[in-house]
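These notes concern the structure reproduced below.
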Amino acid sequence: MTASIDVGAGADPVIAAENLEPGSGKRIEGRSPLALAFARLRRDRGAMISLGVIVLIIIVAIAAPLFSAITGHGPNDQYYGPDARSDVGLPAGPNSNFWLGADQAGRDVLVRIAFGARTALVIGIGATLMSVIVGVVLGLLAGYLGGIVDSIISRIIDTVLAIPYLLFGIALVSVVGSIGVFLIMVVIAVFGWASVARIIRGQVISIRERDFVEAARSLGAGDMRIMFVDVLPNVIAPAIVFSTLLIPVSVVTEAALSFLGVGIQPPTSDWGEMISDASDNQLYLQAWWFLFFPGMALLITTLAFNILGDGVRDAFDPRTDRLIPARKKKKQKREREPGDKMSGDSRAAETEQELAQ
């Protein structure tokens with residue numbers, strides 16, 4: 001009895017074939033594209049390692065008060081002992097009391113990095129959520145409605161993408177005076193939604209002409225229902241992919257604003273502000289740890305999110321991963337002699353090898 005494989009739309013026959021038990025007459029049901037994407041993502045070692053690093057960073061951010069309790073140092077507590085500052089007033093290096101050293105004010109670098117992770121993650125994730133929500137809604141409107149609505153939103157997108165956000169942040173601070181966490185998220189979201197809207201708009205333009213949209217329209221469904229019930233679920237995948245790639249951009253943007261002095265203001269712990277303090281009067285030449293550890297925290301965070309974003313993108317669109325095996329298979333077929341006949345066992349072995357790829 002031959003087992004039948006029932007794969008749904010967008011399902012991957014390779015994953016279904018891997019779950020097929022030889023000799024069993026069980027019927028294997030197809031899985032949704034989202035389930036297949038998560039299955040591919042779990043097999044991506046780099047993405048899983050990056051996800052573990054991100055979870056560790058989140059734990060460090062949540063447990064920042066625990067680091068403060070263990071070391072006995074608050075994020076803004078200043079110390080003047082020899083383990084915090086040298087005799088000439090320079091920051092002390094890593095020691096038993098200050099595990100990652102101290103800064104120019106005698107504050108614990110480890111504790112400030114842990115509290116700075118909170119700032120980076122809150123602003124990075126919050127600004128990304130704002131950007132994605134606004135970008136998806138405007139992208140849906142522009143792509144589905146078209147006409148004058150599409151023209152207006154597209155011109156706004158072009159204008160937003162042409163404005164340098166750093167200059168806008170500096171100008172905003174000069175007018176407002178100082179900006180907090182929420183206002184920084186708004187500033188980043190104002191310049192982040194445009195790229196999301198452009199991608200979603202292109203996806204919606206290709207989806208609105210499909211048969212299921214025409215069927216919903218013929219049944220009397222309104223534009224709002226079609227956009228948010230029929231079309232929106234089909235653009236969730238690119239929105240998720242772009243979200244994972246937008247978070248590190250938001251984190252770096254926030255750090256850049258703080259580095260320039262127009263972001264998070266002291267005494268709030270922030271990685272960009274710590275790097276800025278280390279660069280004052282070339283202090284990092286005498287106290288390398290003051291620049292190295294905050295810089296590594298920023299680098300590891302952005303790198304982990306970028307690698308995870310690449311893995312999510314490949315999981316939702318695995319065609320790029322299969323280009324090389326497909327070319328190898330075509331090359332092997334071309335190199336095979338026309339008179340060379342394969343036995344049944346050889347053909348079965350080659351089929352299993354192709355499925356494994």
Assess the residue pair Leu308 and Arg313 against the criterion (side chain to side chain contact (heavy atoms under 4.5 Å, CB included)); give the C-alpha distance rounded to whole Å, side-chain angles, the decisive distance to 0.1 Å, and a yes or no. CA-CA 9 Å; Leu308 178 63; Arg313 180 189 60 194; over 6 Å; no

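Proximity of Phe259 to Ser276: side-chain heavy atoms (C-beta onward) are separated by under 4.5 Å at one or more points. Contact annotation: the side chain of Trp271 approaches that of Thr301 to within less than 4.5 Å [non-hydrogen atoms, C-beta and beyond]. Proximity of Val136 to Leu232: side-chain heavy atoms (C-beta onward) are separated by under 4.5 Å at one or more points. Between Glu254 and Thr119 the shortest side-chain heavy-atom distance falls below 4.5 Å. With contacts defined as side-chain heavy-atom distances shorter than 4.5 Å, the pair Pro75/Arg107 does not qualify. With a 4.5 Å cut-off on side-chain heavy atoms, Met274 and Val109 count as touching. The shortest side-chain heavy-atom distance between Val231 and Leu140 falls under the 4.5 Å cut-off. Side-chain contact between Ser131 and Phe191 is absent, with no heavy-atom pair separated by less than 4.5 Å.
For the atom pair CZ (Phe305) and CG (Leu245), the distance works out to 11.0 Å, reported to the nearest 0.5 Å. The structure places CD1 of Ile247 at 13.5 Å from CD1 of Ile123, a figure rounded to the nearest 0.5 Å. Atom-to-atom distance recorded for Gln104:CD and Gln286:CD is 14.0 Å, nearest 0.5 angstrom. Atom CD1 of Ile113 sits about 10.5 Å away from atom CG of Leu298, to the nearest 0.5 Å. With rounding to the nearest 0.5 Å, the separation of CD1 in Ile188 from CG in Leu257 is 6.0 Å. Distance check: Leu121 CG to Ser250 OG gives 11.5 Å after rounding to the nearest 0.5 Å.
Between the side chain of Arg118 and the backbone N or O of Ala61 there is at least one donor-acceptor pair closer than 3.5 Å. With hydrogens and angles disregarded, no donor-acceptor distance shorter than 3.5 Å links the side chain of Ser68 to the backbone of Ala64. Although no hydrogens or angles enter the test, the distance criterion places no donor-acceptor pair under 3.5 Å between the side chain of Asp44 and the main chain of Leu41. Remark: side-chain polar atoms of Thr244 are paired, donor with acceptor, to backbone N or O of Val241 under 3.5 angstrom. Between the side chain of Arg85 and the main chain of Ala105, a donor-acceptor pair closer than 3.5 Å is present. A donor-acceptor pair is defined here as one N or O able to donate and one able to accept, closer than 3.5 Å; no such pair exists between the side chain of Gln78 and the backbone of Asn76. Checked by atom type and distance alone, the side chain of Asp270 never pairs as donor or acceptor with a backbone atom of Thr268 at under 3.5 Å.
There is no path of hydrophobic side-chain contacts, each under 4.5 Å, that joins Val160 to Ile133. No continuous path of hydrophobic side-chain contacts links Val229 to Leu145 [ILVMFWY only; heavy atoms under 4.5 Å]. Residues Ile207 and Ile205 do not share a hydrophobic cluster, clusters being chains of Ile/Leu/Val/Met/Phe/Trp/Tyr side chains in contact below 4.5 Å. One hydrophobic cluster, built from ILVMFWY side chains closer than 4.5 Å, cannot hold both Met296 and Phe115; they sit in different ones. Put simply, Val187 and Leu260 are part of the same group of oily side chains (I, L, V, M, F, W, Y) that touch within less than 4.5 Å, one to the next.
For CZ of Phe182, the number of neighbouring non-hydrogen atoms (other residues, nucleotides, ligands) closer than 6.0 Å is 12 at most. Other residues, nucleotides and ligands place no more than 12 heavy atoms under 6.0 Å from the CG atom of Asp211.
Annotation for Pro91 and Asp103: closest pair CB-O, 3.4 Å, computed over non-hydrogen atoms. Heavy atoms only, all atoms of each residue included: Gly143 and Val204 are closest at C-CG1, 3.6 Å. Of all heavy-atom pairs spanning Ile264 and Ser258, the tightest one is N-OG, 3.1 Å. Nearest heavy-atom pair, Leu141 versus Val149, reported as atom, atom and distance to 0.1 Å: O-CG1, 4.0 Å. Scanning all heavy atoms of the two residues, the minimum distance from Ile62 to Pro65 falls at O-CD, 3.5 Å. A pairwise comparison of heavy atoms in Trp289 and Leu100 identifies CD1-O, 3.5 Å as the closest pair.
Phe98 and His73 have their aromatic ring centers within a separation under 6.0 angstrom.
Using a 4.0 Å cut-off between a side-chain N of Lys or Arg and a carboxylate O of Asp or Glu, Asp277 and Arg112 do not qualify as a salt bridge. The residues Asp230 and Arg225 are annotated as salt-bridged, a charged nitrogen and a carboxylate oxygen being separated by less than 4.0 angstrom. Here Glu214 does not pair with Arg208 in a salt bridge; the nearest charged N to carboxylate O distance is not below 4.0 Å. A salt bridge is defined here as a Lys NZ or Arg NE, NH1 or NH2 lying under 4.0 Å from an Asp or Glu carboxylate O, and Arg201 with Asp150 meets this definition.
Using the six-membered ring where Trp is involved, Trp288 and Phe293 have ring planes that are tilted, between 30° and 60° apart.
Of the candidates Ile57, Leu51, Val55, Leu56, Ile57 is the only one forming a side chain to side chain contact (heavy atoms under 4.5 Å, CB included) with Val53. Partner of Val132 under the side chain to side chain contact (heavy atoms under 4.5 Å, CB included) criterion, out of Thr128, Leu129, Val134: Thr128 alone.
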